[in-house]
Peer 1: 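Just passing along the structure, written as structure tokens.
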Amino acid sequence: MSDVRYTKDHEWIRLEGGVGVVGITDYAQNALGDVVYVEVPEAGKALTAGGEAGVIESVKAASEIYSPVSGEVVEGNAGLDGDPALVNSSPTGDGWIFKVKLSNPDEVGKLMTEAEYQAFVDGLD
Amino acid sequence: MNRQGRPTGPSVSTGDTAGATWTGNKALALDEKLLFELDGWGRTGVDLPDDGLDADCLGGLNRNKPIGLPGLSEPQAVRHYTRLSRKNYAIDMGLFPLGSCTMKHNPRLNEKIAGLAGFADIHPLQPVSTVQGALEVMEQLAYWLTTLTGMPGVALSPKAGAHGELCGLMVIRAALEARGDARSRVLVPESAHGTNPATAALCGYTVDSIPATPAGRVDVDAMVAKLGPDVAALMLTNPNTCGLFESDIIEIAEKVHAAGAFFYCDGANFNAIVGKVRPGDLGIDAMHINLHKTFSTPHGGGGPGAGPVVFSDALMPFIPPAYVVREGLDLRLVEDVPHAQVGRMTAFHGQMGMFVRALTYMLSHGGDGLRQVAEDAVLNANYIRESLKDVMTPSFDGPCMHEALFDDRFLKDTGVSTLDFAKALIDEGYHPMTMYFPLVVHGAMLVEPTETESKESLDDFIGAMRSLALAAKAGDTERFASAPRFAPVGRLDETRAARTPILTWQEPEPKAAAE
């Protein structure tokens with residue numbers, strides 16, 4: 001079973017072994033509107049939990065993408081280069097943004113579960 | 001007509017085909033072709049003599065196919081741009097409520113003075129003995145800026161607000177390095193203009209965001225928690241982008257200085273406090289001033305901007321050239337400072353044309369007039385805020401400063417978004433307000449009327465806004481979904497324009513040409 005966790009900045013991370021796949025949530029893509037560009041981190045980039053990992057630009061605004069965990073980027077989603085709309089159409093599937101090799105797996109425990117995130121989002125409106 | 005690059009949506013926005021004309025024009029509403037469609041290939045507006053050069057003088061690097069630019073006669077070119085200008089909205093046509101931009105009237109006196117030969121026809125490489133008048137304008141402008149801000153030094157040369165920020169942060173970095181303590185972080189409130197974090201990053205700092213309080217101001221406790229020996233500066237906008245005065249600014253300055261950091265203020269909103277508050281008295285170390293906002297010519301009047309930076313005593317030794325010094329009766333331009341920590345920010349000395357216009361504005365208003373500018377700017381914004389608060393949702397408690405911030409709570413469950421609302425305002429004959437900024441409120445609409453609007457003008461705008469707010473609540477979504485209906489082009493496909501922009505002229509398909 002894959003374990004998906006969430007941040008207050010509306011990123012999700014899905015653990016596959018020691019590697020986490022990261023993207024933004026459906027709530028976030030909906031709030032951003034049509035995404036026109038995603039600056040994906042390159043493999044090898046060192047990330048800290050809560051630190052900036054990339055930038056996402058929509059017709060409304062440019063926003064940072066924060067890394068939910070510390071570690072090293074294994075792969076950025078090259079598919080977003082030609083088709084940034086994947087973030088809108090499939091935020092938790094083909095619209096993933098980067099994969100990160102966790103340097104401190106304990107950090108995942110501090111992130112929200114699906115139920116906690118849902119309650120967090122419900123409280124925003 | 002070639003439709004390449006034109007909107008695919010409901011583009012024939014005037015609708016009414018019953019009254020269609022043969023030309024497609026509607027009296028003075030002219031359907032203008034693109035420059036490339038005017039089909040003047042080979043035509044030219046000027047006769048140039050044969051250059052007499054033989055074909056080999058470029059060593060075989062001659063162009064081997066046509067350059068691909070249309071040729072137009074002078075009247076064709078003049079008419080083309082005049083016709084286009086009639087489709088445009090401008091500060092000379094009506095109220096321009098673009099928040100955070102201070103779109104005030106351009107006094108014609110500015111243009112008269114800037115057009116004087118002693119300003120308009122001089123060159124930066126002339127001997128300084130022949131441009132003493134221009135240098136005196138720079139000296140007087142520096143005097144006014146330092147007097148109005150209560151700060152001892154100024155760098156006039158930065159050419160826009162963001163360039164001023166860069167100058168300010170470079171000077172702060174130089175001052176820190178001079179004491180052997182470069183530091184690594186800059187604090188920026190989350191409501192800041194995007195140029196603030198960009199500037200800090202460009203100067204090699206990491207950016208740490210400070211949250212706002214529910215009252216729309218900097219959370220001082222959160223800021224103090226982020227202060228530390230590695231913080232180089234706080235960058236704060238005051239009044240801030242929510243249109244609010246940072247009421248804790250004295251305490252903020254004290255905490256920043258106690259941590260050994262510098263206090264940078266984004267002076268983009270200086271118009272709201274000019275003549276009322278001196279930033280130097282608030283503990284600010286550096287602040288850029290958008291001459292092209294506070295002192296008229298908003299958005300550079302379509303031309304250049306100018307972003308001089310004023311500095312506190314602590315930063316004075318690091319001010320970059322060029323600057324003017326007086327030697328007896330003569331003025332001299334200091335352009336080279338040996339061993340300067342921060343070199344010159346521009347070629348030459350800055351935007352002379354903007355200096356002249358800003359000083360003209362200052363001298364024609366006087367100190368009391370500038371104070372009234374700030375008072376009326378704040379009064380006008382509050383008049384709009386109070387007049388609309390029963391039908392729209394101001395984001396924070398009033399009074400506000402120079403701009404009124406609304407969010408989209410009043411549109412909840414109407415099916416109308418902030419974007420739709422702004423587009424519908426185009427149909428009412430206004431340039432839309434700033435939308436979706438600042439990011440700290442949902443669906444933001446930021447309205448800055450400026451002091452130059454009369455009460456009648458404000459009442460008309462308020463009437464239009466009220467009408468739209470009531471229509472949205474009454475379920476008249478058609479007025480919004482199809483907006484703008486009366487503009488030269490309908491709703492643009494902004495997503496496609498951003499994702500797959502077509503930036504060059506595309507030859508029409510032969511089929512289209514045979515029509």
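Below, all heavy atoms of this structure are taken into account, side chains as well, without hydrogens, waters or symmetry copies. All values reported here derive from a predicted model rather than from experimental measurement. Every chain is numbered from 1 and lettered A, B, ... according to where its sequence line falls, protein lines coming before strand lines.
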Peer 1: Are there over 12 heavy-atom neighbours, none belonging to B:Asp390, within less than 6.0 Å of that residue's CG?
Peer 2: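 Yes - once you tally the heavy atoms of other residues, nucleotides and ligands closer than 6.0 Å, there are more than 12.
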
Peer 1: May I ask you to check whether over 12 heavy atoms, not counting those of A:Glu116, lie within 6.0 Å of atom CD?
Peer 2: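 Atom CD in A:Glu116 is crowded, with more than 12 foreign heavy atoms closer than 6.0 Å.
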
Peer 1: For the NZ atom of A:Lys60 and the CG atom of B:Leu439, what is their distance to the nearest 0.5 Å?
Peer 2: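 If I round to the nearest 0.5 Å, the distance is 10.5 Å.
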
Peer 1: Please list, chain by chain and in numerical order, all residues satisfying side chain to side chain contact (heavy atoms under 4.5 Å, CB included) with B:Met170, sequence neighbours excluded.
Peer 2: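 Partners of B:Met170 by the side chain to side chain contact (heavy atoms under 4.5 Å, CB included) criterion, ordered by chain and then number, come out as B:Leu166, B:Cys203, B:Val342, B:Met345.
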
Peer 1: Near A:Lys8 NZ, under 6.0 Å, is it more than 12 heavy atoms from other residues, nucleotides or ligands?
Peer 2: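 No - once you tally the heavy atoms of other residues, nucleotides and ligands closer than 6.0 Å, there are 12 at most.
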
Peer 1: My understanding is that only residues two or more places apart in sequence, or in another chain, count here; which of them pass salt bridge (Lys or Arg N to Asp or Glu O under 4.0 Å) with A:Lys45?
Peer 2: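 With neighbours one apart ignored, the set is empty.
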
Peer 1: With only heavy atoms counted, which part of A:Ala85 is less than 4.5 Å from chain B, the side chain, the backbone, both or neither?
Peer 2: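 Both parts, backbone and side chain.
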
Peer 1: Answer whether the closest heavy-atom distance between the side chains of A:Asp34 and B:Arg499 falls below 4.5 Å.
Peer 2: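 They are in contact (side-chain heavy atoms under 4.5 Å apart), so the answer is yes.
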
Peer 1: Chain A contacts: which residues in residues 226-234 of chain B have a non-hydrogen atom closer than 4.5 Å to it?
Peer 2: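 Hits under 4.5 Å: none found.
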
Peer 1: For chain B, which residues of residues 97-105 of chain A have at least one non-hydrogen atom nearer than 4.5 Å to it?
Peer 2: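 Those residues of residues 97-105 of chain A which would need a heavy atom under 4.5 Å from chain B do not exist here.
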
